[in-house]
Amino acid sequence: MLDLSVYKSRYYPVKLDDNTIVNIEPPKRKQLKKIISLTKSVNEQNLGESDIDNLYDAAEIALSKNKEGKTFTAENIENYLDLAALVAFFDGYYTWVMENVSQKN
């Protein structure tokens, strides 16, 4: 039997509020390197001001690469996501990216 459920979607759907859903596309290598560099040194237990800025900057890169063509800024992401939601976003985002990378074409 051909089981197509093993293939993950190319997009990562993210619901930002009741009216805003974006389907995030996989990042290009350069984008992923930038996102990782912005988020890798973040310590959730002891967030500094620069850590918070870096998280929102990384979210700007990740969220702006979407199927809908919407552009986000770090400032307007703050209207959608508080810090706890932002950390949860990256937990899911990195898991999805790794699943996408390891999936056979």
Side-chain angles (χ1 to χ4, degrees):
M1 172 174 72
L2 176 61
D3 183 5
L4 297 178
S5 65
V6 298
Y7 293 98
K8 304 291 183 205
S9 171
R10 172 172 158 68
Y11 301 100
Y12 183 53
V14 177
K15 183 176 182 179
L16 297 171
D17 64 20
D18 289 338
N19 301 316
T20 309
I21 297 175
V22 292
N23 291 286
I24 298 175
E25 297 176 347
K28 300 240 186 254
R29 182 177 182 267
K30 185 177 179 179
Q31 291 168 324
L32 184 57
K33 286 176 72 172
K34 181 67 174 173
I35 292 168
I36 289 171
S37 75
L38 288 167
T39 61
K40 72 178 175 183
S41 64
V42 172
N43 179 352
E44 290 180 49
Q45 283 69 42
N46 190 20
L47 286 175
E49 188 174 328
S50 66
D51 293 328
I52 294 168
D53 290 342
N54 287 344
L55 282 172
Y56 280 100
D57 290 344
E60 176 183 340
I61 296 166
L63 288 170
S64 290
K65 184 162 175 38
N66 61 72
K67 181 179 173 183
E68 293 74 18
K70 293 184 181 186
T71 302
F72 293 91
T73 64
E75 291 77 26
N76 71 6
I77 292 170
E78 291 180 37
N79 296 328
Y80 293 112
L81 304 175
D82 63 14
L83 201 51
L86 190 59
V87 170
F89 164 75
F90 279 111
D91 284 343
Y93 179 77
Y94 281 131
T95 300
W96 171 77
V97 167
M98 290 311 300
E99 287 173 356
N100 236 314
V101 167
S102 63
Q103 179 175 295
K104 291 182 179 179
N105 290 332

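- Every residue two or more places apart in sequence or in another chain that forms a salt bridge (charged side-chain N to carboxylate O under 4.0 Å, His left out) with E25 is listed here: K65.
- A62 meets the side chain to side chain contact (heavy atoms under 4.5 Å, CB included) test with I35, F89, Y93; sequence neighbours excluded.
- Listed by chain and number, the residues in a side chain to side chain contact (heavy atoms under 4.5 Å, CB included) with I36 are L32, K40, Y94 (sequence neighbours excluded).
- Partners of D17 by side chain to side chain donor-acceptor pair (under 3.5 Å), not counting sequence neighbours, listed by chain and number: T20.
- With sequence neighbours left out, the side chain to side chain contact (heavy atoms under 4.5 Å, CB included) criterion links N79 to N76.
- Put simply, CG on N66 and OH on Y11 are 10.0 Å apart, with the number rounded to the nearest 0.5 Å.
- With values rounded to the nearest 0.5 angstrom, D51 atom CG is found 10.5 Å from L38 atom CG.
- Annotation: side chain of P27 is not in contact with side chain of I61 (no heavy-atom distance under 4.5 Å).
- Listed by first and then second residue, the side chain to side chain donor-acceptor pair (under 3.5 Å) pairs that reach into residues 26-36 come to none, sequence neighbours excluded.
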ask   = So N54 and T39, side-chain contact (heavy atoms from CB on, under 4.5 Å) or not? Walk me through it.
value = CA-CA 7 Å; N54 287 344; T39 61; over 6 Å; no
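- A single hydrophobic cluster is not seen to contain both I21 and L81; linkage of ILVMFWY side chains at heavy-atom distances under 4.5 Å, directly or through other members, places them apart.
- A side chain to side chain contact (heavy atoms under 4.5 Å, CB included) with I77 is found for one member of L16, D57, L63 and no other, namely L63.
- Within the structure, salt bridge (charged side-chain N to carboxylate O under 4.0 Å, His left out) contacts touching residues 67-82 (residues at least two apart or in different chains) do not occur.
- Scanning all heavy atoms of the two residues, the minimum distance from W96 to I24 falls at CH2-O, 3.5 Å.
- Applying the side chain to side chain contact (heavy atoms under 4.5 Å, CB included) test to S64 and every residue at least two apart in sequence or in another chain returns E60, T71, F72.
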